[in-house]
Amino acid sequence: MYDRILVPTDGSEPAAVAGDMAIALAEAFEADVHAVFVQETGGWPFGLSEEETAELRRLGEEAVAAVADRAAEAGIEATTAVLEDSDPIHETVLAYADEHDIDAIVIGTRGRSGVGRMLVGSVTEQLLRESTIPVVTAHEETTVQWPFEGILVPVDGSATAHAALSEAIELAERIDAAVHLLHVVDTGLVTGDVDGGMVLEALEEAGEQALDIASDRVEQSAVTTVESSIVSGPPSHAICAYADEHGIDAIVMGTHGRTGIERVLLGSVSEGVIRRSEVPVFTTKAEPDG
Ligand code: ATP
Ligand code: MN
């Protein structure tokens, strides 16, 4: 399923964690690793001097070499590149992925220690939004426990979550992991003077249905262990709490879900999980006809 894995790196600590995740996946799938640093030539208001450009290139070469060194320790020869382009960084990364027939992108994000709106990092956010192949995120505090023993798939009944489940099943089959399905009844949706009890009951019923459909699919696969749970609370917190409590090693989910608007970069549940999760998060798009 993963033959070529791309790690866009800026030499930061989260990118190093992403590199290790990519190398573990590459070992398991006998995949090639590509490490790239993108030197954006546009967007500098006063331009860069020759020395500054050279210094940036040197940093980029160091960053990709660091990933290649780690890969070499695992017996994998990584392909490295420093790409110079005036396009935005995420576009250069996606063009590279396209040209090299990449199957997954593994990228570091800023973790819980960041500040403000840009917690995820804008390059990562754009990549998550625009990539048609799975994107795996890790931040500084992410622990990569490989091979994954438990994979969590949060389901909301959307086509995107359906696609995420396909990805999770394939992954779990390959490494013999258990699949955990979780639906969170979003209690935050019940506010004001609506009849909260009735609304919650309806939400719960819809969640149970989504879980039933998902667990039928897992049971028809070669996955040997499947667990289904329904809890209530704020979804991204509940998903991360479940992961902590059930020894989950990776979360596989959609970039969008049932309740959002397609044009937002990233659904709020996905964004919350990507920021908070202590394990790698695989995000997928809906299948084209989904
Ligand atoms: P938003 O909810 O922010 O308006 P959205 O619905 O498009 O936008 P998310 O809710 O973030 O996007 O959905 C992304 C993924 O999160 C889904 O594909 C699914 O995997 C998971 N998810 C969303 N809501 C729930 C939930 N209530 N319970 C379990 N998983 C969920
Ligand atoms: Mn939603």
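The figures here come from the full heavy-atom set of this structure, side chains too, leaving out hydrogens, waters and symmetry mates. Counting convention: from 1, in listed order, for ligands and their atoms alike.
- Nearest protein heavy-atom contact of atom 4 (O) of ligand 1 is G260 CA, 3.1 Å.
- Of the heavy atoms in S158, only side-chain atoms (C-beta onward) come closer than 4.0 Å to ligand 1.
- Closest to atom 23 (C) of ligand 1, if we only count protein heavy atoms, is D156 OD2, 3.5 Å.
- Looking at T9 and V36, their side chains never come closer than 4.5 Å, going by heavy atoms from C-beta outward.
- At a 4.0 Å heavy-atom cut-off, ligand 1 touches V155 through the backbone alone.
- Annotation for R258 and D156: closest pair CD-O, 2.7 Å, computed over non-hydrogen atoms.
- Residue contact annotation: T259 places an N/O/S atom under 2.8 Å from the Mn ion (ligand 2).
- Using a 4.0 Å cut-off between heavy atoms, V269 contacts ligand 1 through both its backbone and its side chain.
- The backbone of R258, and not its side chain, has at least one atom closer than 4.0 Å to an atom of ligand 1 (non-hydrogen atoms only; backbone = N, CA, C, O).
- In terms of protein heavy-atom proximity, atom 30 (N) of ligand 1 is nearest to P154 CB, 3.2 Å.
- Shown in contact with M253 at under 4.0 Å from a heavy atom are these atoms of ligand 1, numbered in order with element: 15 (C), 16 (O), 20 (O), 21 (C).
- Every atom of ligand 1 with a heavy atom of L182 under 4.0 Å away is listed here by number and element: 29 (C).
- Considering backbone and side-chain N/O atoms, P235 never comes within less than 3.5 Å of an N/O atom of ligand 1.
- Residue-ligand proximity, S270 to ligand 1, at heavy-atom distances under 4.0 Å covers atoms 11 (O), 14 (C), 15 (C).
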